[in-house]
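Read the numbers this way: they start at 1 and go in the same order the structure lists the ligands and their atoms.
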Amino acid sequence: MRYSKSFIYTLKEEQKEATIVSHNLLLRGGFIVKLASGIYNYLPLGLRVIRKVSQIVREEMDRAGAIEILMAAIQPAELWKESGRWHEYGKELLRIKDRGDRDFVFGPTHEEVVTDIVRRYIKGYKQLPINLYQIQTKFRDELRPRFGLMRGREFIMKDAYSFDKDEEGMDVSYDKMREAYNNIFRRCGLNFRSVEADTGSIGGKDSEEFMVLSQTGEDEIVVCDSCDFASNVERATSVVEDEPGEEFELKKVATPAKETIKDVCEFLNADPRYSAKALVYKNDEGDYFCFFVEGDDELNLIKAKRVTGSVELEMVSDEELKNLGLEKGYIGPVNFPNKDVRVICDERITKRNNLVVGANEYGFHLTGAKFGRDFDCEVADLRVVKEGEICPKCGKGRLKKMRGIEVGHIFKLGQKYSKAMNAVFLDENGRAIPFYMGCYGIGIGRTAQAAVEQNHDEYGIIWPISIAPFEIEIVSLDTRNEQLRDYCDDLYNKMLNGGLDVLYDDRDERAGVKLNDMDLIGIPIRVIVGKKSFEDGMAEVSLRRDRKKEQVRLENVIDKVKELRDRLYKELEEVRR
Ligand code: ATP
Ligand code: MG
């Protein structure tokens, strides 16, 4: 493509709406432009990147045996009522009405629609397994749209759905998708990890997220420093180290005006790890819970939701605490005062022989409290793991925390949707069985932007070659010099005819402007033709990533470019770690 005939407009200024580098660079490079909060237009460069990512995804899905379809973006509410998600999905679901006042949604995901398609056509076990996928625009009315394409309200997703006749089949389909995902993100040039993920309210069997490692990622993950264990913090556990401590008698002590567990422990000269702090929450159904975790632990809300089967958990106000008969700052598990509040203790607490706990009376705590002897309650894993704790998988390594951008998610759904929507097939014995399903998503825009977040420098983007808007850029630094221009035109045409993916900056602009744009846009292989070297029969060839220039004879430029291109693709065959 000739730059002068294209629609590429770069911006010099930092973009105020961007808080992370990749967002800023995509705006400045003229890849995307904002239309409304979380809603973006893709300009030619952005669209080319989106198409390249989509193509890699498509190739790997096809290779794994999935079949491409395109489902409608607008979905009737009836299907969502059938699955039960019309109410469950909440405010993220964009609901719309047609002129006849009938309810529809703009699809945030397509489990319902695909299940409806499959139940129409698949009647017997011999037609299984089947895996249908699409690449399509989704809409989710996110609470906090931000970071450009990373968390948009309108965004492009690849979603695949597998249907099997039994659990073993579902496991096989899932494994195929996992392999395809590894290929996809490797081919996109990303440094990523797959991590165990929370299965949320669906409560399915297995779920993994694919995380692009990045400081600015919204997700926190833990990895083991000696085995391959990796998990989202949302569900990570660690080995409970055996440190019961000495056993004492239960004693009531005055702790006047010490309301935080930290203050209390300081005052009593106690280790906060030998104390229990109370956290009182209410769920969406109006049930109350009191969670106890160690004094210096953090309650893991995702785990708390799972244990209690809650969709939402909200901390209760001081006012509500009073109404429940609970004394703020002094709540403890011994003789817990309210039977209607479900009390759940983190596992670690129950392994301690002595604990500082609230006495359920203003100004007093208990010391020496012990689970099983002084109090009893439900026990569960409720805490956020900490760095340095022991790996639950190998039992030896230590856990390390990192941040990641979730670009893909694979999930064993089991029969949740097929049961709810009565989507069944006849098995070998003529019995009607609900399908065993899996669902598999990839954010196309998020993946593209994650690549920028991971690959840039102070001058701009450094695209991995596989998803770059173009693989090669020719920059002519002197468009008024006829010979030079003729050479560049000819080089460009030869490259085009040879099937190379090339952008030709033929604009009548200053050299500095063109070179800056070239670095900003980040095309991986560059051919710069300037007056001086041209007179010596040379052009400068360089890679965007190190910007090191090499003088190449004019007649050898195409061979050199091809060699670099092959090298860059070859590198993508190796997994980055
Ligand atoms: P998140 O926790 O980030 O909200 P999710 O669990 O809601 O993600 P899924 O429903 O599993 O996401 O969607 C599949 C994929 O779609 C995600 O892995 C992500 O890459 C992408 N995705 C989800 N929400 C958005 C969004 N608001 N903007 C861009 N991409 C998104
Ligand atoms: Mg989400």
Side-chain angles (χ1 to χ4, degrees), residues 20 22-23 26 32 34 36-40 42 46 49-50 53-54 56-57 61 85 88-94 106-112 114 133-161 174 177-178 180-181 184-185 188 190 192-202 204 206-212 214 216-221 232-235 301-302 305 311-312 403-413 416-417 437-454:
I20 58 174
S22 54
H23 186 193
L26 288 181
I32 55 172
K34 182 167 154 180
S37 168
I39 302 180
Y40 287 83
Y42 304 93
V49 173
I50 292 294
V53 175
S54 302
I56 291 174
V57 169
M61 285 293 118
R85 287 207 290 186
E88 259 173 41
Y89 211 92
K91 291 193 171 164
E92 252 183 45
L93 187 61
L94 178 67
F106 194 105
T109 175
H110 278 69
E111 282 81 5
E112 283 82 358
V114 77
Y133 81 95
Q134 65 174 344
I135 297 176
Q136 192 213 35
T137 298
K138 304 279 193 244
F139 196 97
R140 296 184 183 178
D141 204 353
E142 298 273 356
L143 181 61
R144 263 185 293 279
R146 54 183 185 160
F147 303 156
L149 303 183
M150 293 253 196
R151 186 166 296 284
R153 296 198 292 168
E154 180 182 307
F155 59 97
I156 301 171
M157 194 204 284
K158 184 286 297 179
D159 42 334
Y161 306 88
Y174 179 89
M177 285 294 110
R178 182 203 286 120
Y181 274 44
I184 288 165
F185 298 122
C188 288
L190 296 163
F192 69 99
R193 289 286 304 244
S194 71
V195 306
E196 293 176 4
D198 181 60
T199 49
S201 55
I202 299 174
D206 286 313
S207 164
E208 274 164 79
E209 289 163 340
F210 289 75
M211 295 284 183
V212 168
S214 163
T216 55
E218 290 186 283
D219 285 271
E220 197 170 25
I221 64 178
N232 195 312
V233 163
E234 291 178 352
R235 74 167 264 173
L301 262 188
I302 305 283
K305 280 183 195 167
V311 178
E312 294 296 337
R403 299 202 74 85
I405 301 162
E406 180 205 314
V407 286
H409 194 175
I410 58 177
F411 207 111
K412 291 182 189 170
L413 292 169
K416 169 172 163 120
Y417 293 94
M437 293 171 57
C439 70
Y440 317 94
I442 291 182
I444 302 290
R446 195 185 279 185
T447 300
Q449 194 177 324
V452 178
E453 198 59 31
Q454 221 171 42

Is it true that [X] and [Y] make a salt bridge, defined as a side-chain N closer than 4.0 Å to a carboxylate O?
X: Lys138; Y: Asp159; value: yes
X: Arg403; Y: Glu453; value: no
X: Lys416; Y: Glu111; value: no

For [atom], tell me which residue out of [options] has the closest non-hydrogen atom.
atom: atom 10 (O) of ligand 1; options: Glu92, His409, Arg140; answer: Arg140
atom: atom 29 (C) of ligand 1; options: Arg153, Glu218, Lys138, Met150; answer: Met150
atom: atom 15 (C) of ligand 1; options: Cys439, Gly38, Gly443, Gly445; answer: Gly443
atom: atom 23 (C) of ligand 1; options: Arg446, Glu142, Arg144; answer: Arg446
atom: atom 1 (P) of ligand 1; options: Arg151, Lys158, Glu209, Glu234; answer: Arg151

Can you find a non-hydrogen atom of [X] under 4.0 Å from ligand 1?
X: Leu149; answer: yes
X: Val407; answer: yes
X: Gly152; answer: yes

Short side-chain to backbone donor-acceptor contact, Arg146 and Arg151, under 3.5 Å: no

His110 backbone acceptor or donor facing Tyr161 side chain under 3.5 Å: yes

Residue pair Arg85, Thr109: steps toward the side-chain contact (heavy atoms from CB on, under 4.5 Å) verdict: CA-CA 11 Å; Arg85 287 207 290 186; Thr109 175; 3.6 Å; yes

Protein residue, atom and distance nearest to atom 30 (N) of ligand 1, heavy-atom basis: Phe155 CD1, 3.4 Å

Ligand 1 contact on Met157 by region, counting heavy-atom pairs under 4.0 Å: side chain

Per-residue contact class, Glu406 against ligand 1 - non-hydrogen pairs under 4.0 Å: both

Test log, rule side chain to side chain donor-acceptor pair (under 3.5 Å), inputs Asn232 and Asp219: CA-CA 7 Å; Asn232 195 312; Asp219 285 271; 3.3 Å; yes

Proximal atoms of ligand 1 relative to Gly408 (non-hydrogen, under 4.0 Å): 18 (O)

Whether Phe210 and Phe192 hold their rings parallel, tilted or perpendicular, with breakpoints at 30° and 60°: tilted

